[in-house]
Number of protein chains: 2
Amino acid sequence: MPETARRADRLSGSRYGNRPTMKDVAARAGVGLKTVSRVVNSEPGVTPDTERRVQEAIDALGFRRNDSARVLRKGRTASIGLVLEDLADPFYGPLSRAVEEVARAHGALLINGSSAEDPDREQELALALCARRVDGLVVIPAGDDHRYLEPEMKAGVATVFVDRPAGRIDADVVLSDNLGGARDGVAHLIAHGHRRIGFIGDMPRIHTAAERLRGYRAAMQDAGIAVEDAWMSLGVTVPERVRRAAEGMLAGPSPVTAIFTGNNRVTVTVVRVLAEHRRPVALVGFDDIELADLLQPGVTVVAQDAAALGRTAAERLFRRLDGPSPAPERIELPTRLITRGSGELPPAD
Amino acid sequence: MPETARRADRLSGSRYGNRPTMKDVAARAGVGLKTVSRVVNSEPGVTPDTERRVQEAIDALGFRRNDSARVLRKGRTASIGLVLEDLADPFYGPLSRAVEEVARAHGALLINGSSAEDPDREQELALALCARRVDGLVVIPAGDDHRYLEPEMKAGVATVFVDRPAGRIDADVVLSDNLGGARDGVAHLIAHGHRRIGFIGDMPRIHTAAERLRGYRAAMQDAGIAVEDAWMSLGVTVPERVRRAAEGMLAGPSPVTAIFTGNNRVTVTVVRVLAEHRRPVALVGFDDIELADLLQPGVTVVAQDAAALGRTAAERLFRRLDGPSPAPERIELPTRLITRGSGELPPAD
DNA sequence: CGCGCTCATGACAACGTTGTCCAGGCTCTA
DNA sequence: TAGAGCCTGGACAACGTTGTCATGAGCGCG
């Protein structure tokens, strides 16, 4: 079956009423193909009369330019990809929105996908986006080896990593000051008289978790406190296990009087545990959580600015797209300690 | 300047090292163009030896198929668009994620954008997505007139509206039972002895807000209670104005003893106001909010299942894409009353 | 009045892929 | 051993757009 027959077939057999093309518009308006293109793109060199005729044909046929053909011809897709961990996580919503706003300001659309913290899925997604020829990529890494992106970056895909650094590859990175923030948070507890302070965080293979753990250790060391193994619980995020970890630290011969939690999900579970606990226990959490101010006591947190992370990364990406390529850079954003009560409770021995 | 010269120009002048194409791979492997295409797409009819040679050339050149050319040829883009109100809103995160999961299961990518509750921006976004030739569109409407999508839908863009119905157009819609949910929530307050019940909600031009208001009125009418104007505050979402509205209802000669709030953002502000109020006031909110169970008292809510809304809509969309087009349908998902304390407080006259 | 200049317009190739069809070489069978 | 049939591989067109260049009409000016 020759192409022309096939096309007719598709016309009738498919539920897609084939969309009109510039060629159809041109035929209807009695002008050349290129003239239609000129009108559609508001290029100069078309008389008002011709323009009107073309516009009428466009309206009559319901023509809309096929951007995917345009992209093929022009080389740029005016879209960027965002690979994050989980869109449903309240931390990534604002980040994603910030990236979107910057993209919009540059006339680009945003394609995004969740890796679900799975390195394979991250890679699959990132490469799928590259195959779509996104102009750039913002990646919140799940894995720790990004050499698979090297050919893409070399081929011109601007890439910026956010929240966690890229693995085994030289690239732009925008991070929060995880170490400093955690150190400040723990030091805050120490300043309020605590010495037996627990830490519950995610797997140390995740960069942010490792840095926050380092911050905890640094603060303890600065205060000359020897950390006991029983005070630390790593690689724990599932609510049930967080609960057991917290309860473990609060029981035993020398229970902790304060807990530092390594991320928002851990924090909310620990808040639940502490609400049931008879003795008051101090708490500082990494990441802000909604309504933290309304709890009794309010939850003191080390807050990151998720929107600023996203904005900074996206702006960096477009700078790279619009101008000459600067050397990869590591940008670190400060965190902010927000005191609300839970972190200022004195130790209750 | 002829095309060939221009291309060479782009090669040297641009920071994009032009990516290798199938043609390049074919040349290097010493085979025909189509044979490369066959290997890339795992089509039959290639001897193992030829396949190996082609694969080597692909690896050596770092070739990746250009999906945007593929799309142009095949007609389908394997991507769907999602137009929502604000990605940063905790209600839309899970919804968006659910749509993404369904898309992923169908091998499609998700492009999304926020309308910021601006009808013009919604239209601009939706049409931009159509120009990209997304296969389908999930829209959370900001405006109330969607006739602009009629040509697109006729041309084959599967479209499903979520959370709010389409305006002046016949299309699939997936909604929560806003009226019923609000009626149940208000009836719950009435069952606990309240009669002077306030309502604070968004502008009635937003469908969900209007339905919830109707639910409030219906419950009051069922109980034979005449609603006073002073008990209702419409079109109010900015925290400052919500605060004033709540304070207004709680003051005066016959203050309300309970408040029903029309969405999550209103609820959190009212919770703040009530926390400062001397008399206990009952509260039921539409939409669940995180940590609602940990507040004192816990916040009773009428919860929608955001993920189910997204999943249902996306599944409907792909059913439309994969099979014959069924007639537009209106799907309504139930809401769930979650009692946590604030809605069970007795009236304090 | 004719020369050249400007300007609107259109023909054509190219972007990188996939569908169709044909050619040639091979095997298998009569 | 010749003819039929199968299988591999390649040439070519087409998807819908945009960049380049050619063309010819209209016009001003000498």
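Numbered from 1 within each chain, the chains take letters A, B, ... in sequence-line order. Owing to the predicted nature of the structure, the values given are computational and were not obtained by experimental measurement.
From His146(A), atom NE2 reaches atom CG of Asp144(A) across 7.5 Å, with rounding to the nearest 0.5 Å. Here Ser37(A) contributes atom OG and Arg65(A) contributes atom CZ; the two are 8.5 Å apart, rounded to the nearest 0.5 Å.
Among the atoms of the strands shown, none is found under 4.0 Å from any heavy atom of Asp67(B).
Residue Lys74(B) places none of its side-chain N or O atoms closer than 4.0 Å to OP1 or OP2 of dA14(D). Dashed line: the shortest gap from a side-chain N or O of Ser37(A) to OP1 or OP2 of dT18(D) is under 4.0 Å.
Atom pair Arg73(A):CZ and dT17(D):C1' shows a separation of 8 Å (rounding to whole Å applied). The distance between atom CG of Asn66(B) and atom C1' of dC15(C), rounded to the nearest whole Å, is 9 Å. Rounded to whole Å, the distance from CZ on Arg132(A) to P on dT17(C) is 14 Å. Following rounding to the nearest Å, Leu61(B) (CG) and dG16(C) (P) show an atom-to-atom distance of 14 Å. In this structure, Leu72(A) atom CG and dA14(C) atom C1' are separated by 9 Å, rounded to whole Å. If you take NZ of Lys23(B) and P of dC15(C), they are 6 Å apart, rounded to a whole angstrom. Residue Arg19(B) contributes atom CZ, which lies 16 Å from atom P of dC15(C) at whole-angstrom precision. Arg133(A) has its CZ atom 7 Å from the P atom of dT17(C), to the nearest Å.
Inter-residue side-chain proximity for Arg132(A) and Ser79(A) is flagged as unmet; no heavy-atom pair is nearer than 4.5 Å. Using a 4.5 Å heavy-atom cutoff, the side chains of Leu137(A) and Glu152(A) are not in contact. Side chains of Val99(B) and Asn112(B) form no contact here, defined as non-hydrogen atoms less than 4.5 Å apart.
Applying the side chain to side chain donor-acceptor pair (under 3.5 Å) test to Asp118(B) and every residue at least two apart in sequence or in another chain returns nothing.
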(request) Let me have a per-nucleotide readout for nucleotides 5-10 of chain C, 5' to 3', with B, S or -, counting only protein heavy atoms under 4.0 Å. (result) ---SBB

Could you write out each protein N or O paired with an N or O of nucleotides 26-28 of chain D at a distance under 3.5 Å?
none

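Ionic pairing of Lys154(B) and Glu150(B) is not present here: no N-O contact between side-chain nitrogen and carboxylate oxygen is shorter than 4.0 angstrom.
In this model, a donor atom of one side chain and an acceptor atom of the other lie less than 3.5 Å apart for Thr77(B) and Asp135(B).
Asp172(B) pairs in a salt bridge (charged side-chain N to carboxylate O under 4.0 Å, His left out) with only one of the listed residues (Arg319(B), Arg330(B), Arg320(B)), which is Arg320(B).
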